[in-house]
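Here is the naming used below: chain letters follow the sequence lines, and residue numbers restart at 1 for every chain. Because only heavy atoms are used, hydrogens play no part in the values below, and waters and symmetry mates are left out as well, while side chains stay in.
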Amino acid sequence: MAQVSIRKVVKAYEGGVQAVKGIDLEIADHEFVVLVGPSGCGKSTTLRMIAGLEEITSGEIAIGGMVVNDIPPRDRDIAMVFQNYALYPHMSVYDNMAFGLTLRKFPKDEIKRRVENAARILDITPLLDRKPKALSGGQRQRVAMGRAIVRDPKVFLFDEPLSNLDAKLRVQMRTEIKKVHQTVKTTTVYVTHDQVEAMTLADRVVVMNHGVIEQVGPPQELYHSPNTRFVAGFIGSPAMNFIPARMENGSGALRLNLPNGIVLPVPAERTARYGAMAGKEVLFGIRPEHLTEPKNLDRQNIAVFELTPEVIEPMGMETLLHLWMQGHEVCSRIDPTTPAEPGRPMQVAADLNHMHIIDPESGRVL
Amino acid sequence: MSATTASRDAPGIYHKAGSLRSERRWALWTAYASLIVAAIIMLAPPVYMFLTSIKTSAEIADLGGNPWIVRSPTLENYRALLSSPMFMGFFWNSVKVTLLVVAVSMVISVLAAFALARMRFWGSQWLATGVFLTYLVPDTLLFIPLYQIVGSLGLLNSTWGLVLVYPTLTVPFCTWIMIGYFASIPKELDEAALIDGANWMQMLVRIFIPVALPGIIAATIFAFTVSWAAFVYPTAFITTPSEMPLTIGVVSQLIRGDTFAWGQLMAGALLAALPPVIVYVFLMDYYIAGLTAGATKG
Ligand SMILES: Nc1ncnc2c1ncn2[C@@H]1O[C@H](COP(=O)(O)OP(=O)(O)O)[C@@H](O)[C@H]1O
Ligand SMILES: [Mg+2]
């Protein structure tokens, strides 16, 4: 039983930097929550306040229903995995994992049982006698996770644990972390700047920017219904296209005037939603996969227009087109079998069932 | 046969390898030559000391003949010293003072360095700089005020007085060395230990001291050398022969007015130099092992 509650938490460092500006977050028992955001947005600071490594300037944090503001890290019953692993260099893998239990005066055979169990989960049993310097990056990462698992804490905290690994190993360890969580089910708070990592691992993703939480939600929800322009642009790769446009009211239906003289009819069911923006400049947001070659044209709300691709990037299972609309680069994802040539105009279809309209002043997605 | 084929096929490579080899040979030659010159300069005094220590007084006083050649070697000087209760007394005084000073210095400087490197508190930066600055004050300047202090404590003419004042020489520098080693330990290591449940003392003993072992050994060697070889302070504070350490004991008791017992003086100096040499040889192995272990940590 360990939910984590973050209530109105502020962190101001000496020198006046406000790294976290009053955030609220409820993390349920067994949940895997990922804090994601660009570098310097306050993710690590938040995690370190949960760990007790940074003091909380104001607000409170509770773990398992108990406010921990004044409780030192060792009594919070948490375990943390660091980006640089932070293994004790003079101890064997076994001793690294056993250290926390030894300090807590666990009986020897219980320590042995737990370390061997964790080693089995992580597949590092043959490495138990080695020193950290004789391990590869991926193996060190496993040991660091083992050190957290043996403690059987209330909460796991991860701070960019995969950032020091090469791309292939990163994907492999990502799966590993998810597997371990499905086995031990410990409540987990995971920090990363990589939105793919966030999407693949999280039950719920917390997007942070400039010390505030932009949006919290399951990966799919963040992807399909972002609340702000920041979230819309941060989640998803290649990123969502933002095209400046003008919303116009024409005899009861809304129209969107894009550059290049393209006019898109706003779906009727969205008229009420966007009505307030009539006559104003807006940002039209659409993901590359919703801007494709004309297909499924029998569906409603598909608008077809002509654009000229400048750069074509075949990715294998798909092809990316970079098109220009009066100085605005727009990315489109098409089927690799669709013929496309740089400089040759082609038909492009926008699926307006997945369009977003952003108020450029507030940055909110309407 | 194959060599001629090879040189016809790739003369460039052979030429290059040859020039590399000759370059390397030249580098080795200069290295050896300068090392030999340095070794001669460094070793001449101790060798001459050794030669003098195995001569009889008559032979030392004899101005004829080559002084580098010993005509009738004798161990009489060593026998006389080692069977003299006074010399053995000097020796034990030195051992006692040095062991105590090393212990006191290391305990103080490890604790101080840990606090200064890791526990951020008000003024810790200034304190760290201050510690180093005190090392820059020469002991020849300090011995007059220290004389008063030691005197007012009633510890003049006592080895305990030396145990009290030597750390003023050793602690600042040892602390400085240890601050450097502790500061190089990544911050995450203490944070991991903190989360694992360690208190400050456990963190120091179970993590910092083992990880910074090369630094501890370097500081120990320094403290040992300083207190074994200290000369100014014992000269100032000790006049009773029974309380003298080796450094001043040998000099003050083997020089009587104008009479220099050269043979015994040299034998005494060599015997006095022996413990540091042994300590260096013994600890250097650990020291270098520690350094290379750190280098390959990655
Ligand atoms: N110890 C510190 N002292 C002062 N400012 C800090 C400290 N640690 C982090 N910061 C600042 O707080 C902000 C958030 O940092 P951090 O939480 O590490 O960001 P993230 O982990 O999201 O990249 C940054 O602007 C950073 O410069
Ligand atoms: Mg960070």
Participant: Should we count CE of Met119(B) as having more than 12 external heavy atoms under 6.0 Å?
Facilitator: yes
Participant: Taking everything shown except Asp129(A) itself, do over 12 heavy atoms lie less than 6.0 Å from its CG?
Facilitator: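 12 or below, so no.
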Participant: Looking only at non-hydrogen atoms, find the nearest pair between Arg74(A) and Gly197(B) and report the distance.
Facilitator: CB-CA, 3.3 Å
Participant: Side chain, backbone, both or neither: which part of Asp190(B) has a non-hydrogen atom closer than 4.5 Å to chain A?
Facilitator: neither
Participant: Which of residues 157-171 of chain A have a heavy atom under 4.5 Å from any heavy atom of chain B?
Facilitator: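 Counting heavy atoms that sit under 4.5 Å from chain B, no residue of residues 157-171 of chain A is involved.
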Participant: Answer yes or no: are there more than 12 heavy-atom neighbours, outside Glu110(A) itself, under 6.0 Å from its atom CD?
Facilitator: yes
Participant: Look up atom CG in Leu213(B) and atom NE2 in His90(A), then write down how far apart they are to the nearest 0.5 Å.
Facilitator: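 Leu213(B) atom CG to His90(A) atom NE2 measures 10.0 Å (nearest 0.5 Å).
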Participant: Using non-hydrogen atoms and a 4.5 Å limit, figure out which bit of Arg76(A) sits close to chain B: side chain, backbone, both or neither.
Facilitator: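 Neither part.
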Participant: Can you establish whether the number of heavy atoms outside Gln125(B) located under 6.0 Å from its atom CD is more than 12?
Facilitator: no
Participant: To check you understand the geometry: which heavy-atom pair defines the closest contact between Ala86(A) and Ala192(B), and what is its length?
Facilitator: O-CB, 4.0 Å
Participant: Does a side-chain heavy-atom distance below 4.5 Å link Leu189(B) with Pro89(A)?
Facilitator: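 Leu189(B) reaches Pro89(A) side chain to side chain.
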Participant: Is a side-chain N or O of Arg104(A) found less than 3.5 angstrom from the main chain of Asp196(B), in a donor-acceptor match?
Facilitator: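 Between the backbone of Asp196(B) and the side chain of Arg104(A) there is a qualifying donor-acceptor contact (under 3.5 Å).
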Participant: Given heavy-atom pairs under 4.5 angstrom as the criterion, report whether the side chain, backbone, both or neither of Leu101(A) touches chain B.
Facilitator: neither
Participant: More than 12 foreign heavy atoms under 6.0 Å from CH2 of Trp160(B): is that the case here?
Facilitator: no
Participant: Mind listing the closest non-hydrogen atom pair of Ile195(B) and Arg151(A) along with its distance?
Facilitator: O-NH1, 3.3 Å
Participant: For atom OH of Tyr32(B), decide whether the heavy atoms of other residues, nucleotides or ligands shown that lie under 6.0 angstrom number more than 12.
Facilitator: no
Participant: For the CG atom of Asn84(A) and the NZ atom of Lys187(B), what is their distance to the nearest 0.5 Å?
Facilitator: 12.5 Å
Participant: So which residue, Thr102(A), Asp77(A), Ile78(A), ends up with the most heavy-atom pairs under 4.5 Å with chain B?
Facilitator: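 Counting heavy-atom pairs under 4.5 Å, the top option is Ile78(A).
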Participant: Near Asn69(A) CG, under 6.0 Å, is it more than 12 heavy atoms from other residues, nucleotides or ligands?
Facilitator: yes
Participant: Between Tyr88(A) (side chain) and Arg206(B) (backbone), is there a donor-acceptor pair under 3.5 Å?
Facilitator: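 Not a single qualifying donor-acceptor pair exists.
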Participant: When rounded to the nearest 0.5 angstrom, what is the spacing between CG in Leu194(B) and CE in Met80(A)?
Facilitator: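 Separation between the atoms: 11.0 Å.
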Participant: For Glu191(B), which atoms come within 4.5 Å of any heavy atom of chain A: side chain, backbone, both, or neither?
Facilitator: both
